[in-house]
Amino acid sequence: MASPLLRLVVLYGGVSAEHDVSCVTAAHVLAAADRSKYDLVPIGITKSGTWLRNDKAIAALAEGSDLPERLEPAGTEVEPLAAIRGEGTDQAITVVLPLLHGPHGEDGTIQGMLELFKVPYVGAGVLSSALCMDKAMAKIVAEQAGIPQCRWVEFRDGIDDPNEIVTRAVAELGLPVFVKPANLGSSVGITKAHDAAELDKAVDLALRYDDVVIIEEAVTAREVEVAVLGNAAPEASVPGEIVPGSEFYDYEDKYVTGAAQLVIPADLPDDVTREVRELAAKAFTALRCAGMARVDFFYEAEGRGWLLNEVNTIPGFTPASMYPKLWEATGISYPDLIDQLVALALDSHRRRVGFSTEH
C-alpha cells in the first residue's frame, strides 16, 4: 500500500493590512506545488479571524483545474487545531506553510501556536519571526552583530514626546526621511517626509498600524535584495536590484501598478556581489532565521557601501515576486523551492522536538 502524501497546509489571508497580498501568494503557491507529492489543504483566515477550509480550491486541485489569481478565504469554517492536524484523515505527516504576511502571521504568533500543536512549519521560529517583524528590535540586533545600516530614530507612542522626536529626527537625520510602522510590511503605512510638517503627519499615519514608529534617513542608493535559504548553513542567492517606478518602492509599485523593474542578477562587480551575499547570510544567522528570508539592502557605491534595510521572514512568494525569481536565477525552480522549504521545515521540527524538557 502506497504511503499517504505529505499533507501541506497552506495558511493564507489573515487579519493584517497585508491580507490581499497573502491571498494572491497562496493561489500561486498552490498552483505550483507538486500534487504528486502533497495533499494540498488551503486554509484561509478572514480579516475578522475566522478560519475557513477552502473546499472549492481543494476540489479544483484534485481535478487539476486552474485556481483564480487571487484565492479568497471561503468554504467550511474549521477549528484551528483540527484543521492544522487534519483530524479524521490518514495522512502521516503534516507541514504548515504560513503565507500570512505582517502581524498575526509573520510576527511569531502563528509560529507559537504551531509550536504548541507540535506541527512542523516552514520558515522562521517564534523569536526570529517576532524580531524581524519589529524593525526597531531587528536594527538593535543587527547593530550588535556589526551589520551596517541606515541611521534611524525610534518613536514609542505613549512613552516618547512626538514633538521632541520630530525635532530630534530632523537634527540627527536631516530631511527627507522615511517613516515606517515598526511591525508591518509591504510598504503599508510608509511615508517619505520632506519637511517637519510632513514628518508629523507621517508619524500619525504610521501610528494607525503600530505604537512603535521608525524614522530613517533617506539615502541615495540602489535597492538590492538577496534571497536566503537554509537553516544552520544558509545559502544566499544572486542579488537582484529594484528600480522603483515611483519616488520609492511603495505598495502601489509592488502590487498594483507593477511599474518597478526587477533586475536579476543585479549589475554589480563580482567582489561586491560576493560581499552582499555573505552579508545577507550573516544577517539571516544573526537574526536567527530559518527556512527562508529575503534580506534587503541599500548600496551606496560611492559612500558607505552596503546598508541593511530589513529582513522579511515571509517574503512575497508569487512567481513574479523577488524571492522566487532570485532563486530561479540562481538555479532553483519555483516548485523545487517549495520542496526545499518543506524539507527544511521537517529538519527544524526534528531538531526542536529532540531537545529534552526534563530537569
Side-chain angles (χ1 to χ4, degrees), residues 132 135-136 138-143 145-154 169-182 184-195 198-199 202 206 213-228 236-254 259-284 286-287 293-312 315-316 321-323 325-326 329:
C132 293
K135 296 180 180 67
K139 287 178 179 296
I140 291 169
V141 173
E143 184 177 36
I147 299 170
Q149 53 194 329
C150 301
R151 294 177 298 139
W152 61 285
V153 171
E154 176 187 12
V170 172
E172 294 184 10
L173 308 178
L175 290 167
V177 292
F178 282 97
V179 182
K180 307 176 180 180
L184 207 60
S186 295
S187 300
V188 175
I190 294 181
T191 306
K192 186 175 184 180
H194 301 81
D195 55 42
E198 286 187 3
L199 176 52
V213 174
I214 299 299
I215 305 172
E216 291 180 340
E217 66 170 321
V219 297
T220 302
R222 295 165 68 179
E223 295 186 46
V224 175
E225 300 181 348
V226 179
V228 183
S237 72
V238 298
E241 182 172 5
I242 295 171
V243 182
S246 53
E247 189 172 11
F248 68 97
Y249 193 38
D250 59 11
Y251 186 94
E252 295 288 312
D253 215 0
K254 289 180 180 179
Q261 298 178 43
L262 306 184
V263 181
I264 303 173
D267 184 13
L268 296 164
D270 290 345
D271 60 331
V272 176
T273 294
R274 184 167 53 253
E275 182 183 5
V276 75
R277 293 177 79 169
E278 291 174 354
L279 200 56
K282 181 179 180 179
F284 185 94
L287 292 165
R294 195 192 70 235
V295 186
D296 302 348
F297 294 93
F298 296 118
Y299 182 55
E300 291 184 340
E302 305 301 324
R304 292 168 289 180
W306 292 112
L307 301 170
L308 178 67
N309 180 15
E310 63 183 30
V311 178
N312 294 271
S321 298
M322 185 64 102
Y323 187 86
K325 288 178 74 70
L326 287 171

If I take atom CD from residue Glu275 and atom CG from residue Leu268, how far apart are they, to the nearest 0.5 angstrom? 10.0 Å

Side chains of Val272 and Trp306, heavy atoms from C-beta outward: is any pair under 4.5 Å? yes

If we check side-chain contact (heavy atoms from CB on, under 4.5 Å) with Ile147, which of these qualifies: Val311, Leu307, Leu308? Leu308

Is atom CG of Asp270 surrounded by more than 12 heavy atoms (other residues, nucleotides or ligands) closer than 6.0 Å? no

side-chain contact (heavy atoms from CB on, under 4.5 Å) partner of Val263, the single match among Val243, Val224, Ile242: Val243

Quick check for you: to the nearest 0.5 Å, what is the distance between Glu310 atom CD and Glu225 atom CD? 8.5 Å

How far does CZ of Phe178 sit from CG of Leu173, to the nearest 0.5 angstrom? 12.5 Å

Any idea which heavy atoms bring Glu217 and Val177 closest together, and the distance? CA-CG1, 4.4 Å

Is there a side-chain contact between Pro244 and Glu223, using heavy atoms and a 4.5 Å cut-off? yes

So that I can tick it off, tell me whether Glu172 and Arg151 are bridged by a salt bridge, with the cut-off set at under 4.0 angstrom between side-chain N and carboxylate O. no

Write down the atom of Pro181, the atom of Lys135, and the distance for their closest heavy-atom approach. O-NZ, 3.4 Å

Between Asn312 and Tyr323, is any pair of side-chain heavy atoms under 4.5 Å apart? no

Whether the side chain of Lys180 engages the backbone of Glu216 through a donor-acceptor N/O pair (distance < 3.5 Å, no angle test) should be reported. no

Any side-chain heavy-atom pair of Met322 and Leu262 under 4.5 Å: yes

Does any part of the side chain of Arg222, heavy atoms only, come nearer than 4.5 Å to the side chain of Asp267, both counted from C-beta? yes

Using every non-hydrogen atom in the two residues, find where Cys150 and Phe298 come nearest and quote the distance to one decimal. SG-CD1, 3.5 Å

Restricting to non-hydrogen atoms, name the atom on Leu326 and the atom on Ala227 that form the minimum distance, rounded to 0.1 Å. CD1-N, 3.5 Å

So do Phe297 and Asn309 actually touch side chain to side chain, heavy atoms under 4.5 Å? no

Please give me the minimum heavy-atom distance between Ala169 and Leu199, naming the atom from each residue. CB-CD2, 4.2 Å

Could you report the tightest heavy-atom contact between Leu175 and Ala193, atom names first, then the distance? CD2-O, 4.1 Å

Thr273 vs Pro265 side-chain heavy atoms within contact, under 4.5 Å: no

Any side-chain heavy atom of Asp195 within less than 4.5 Å of one from Pro176? no

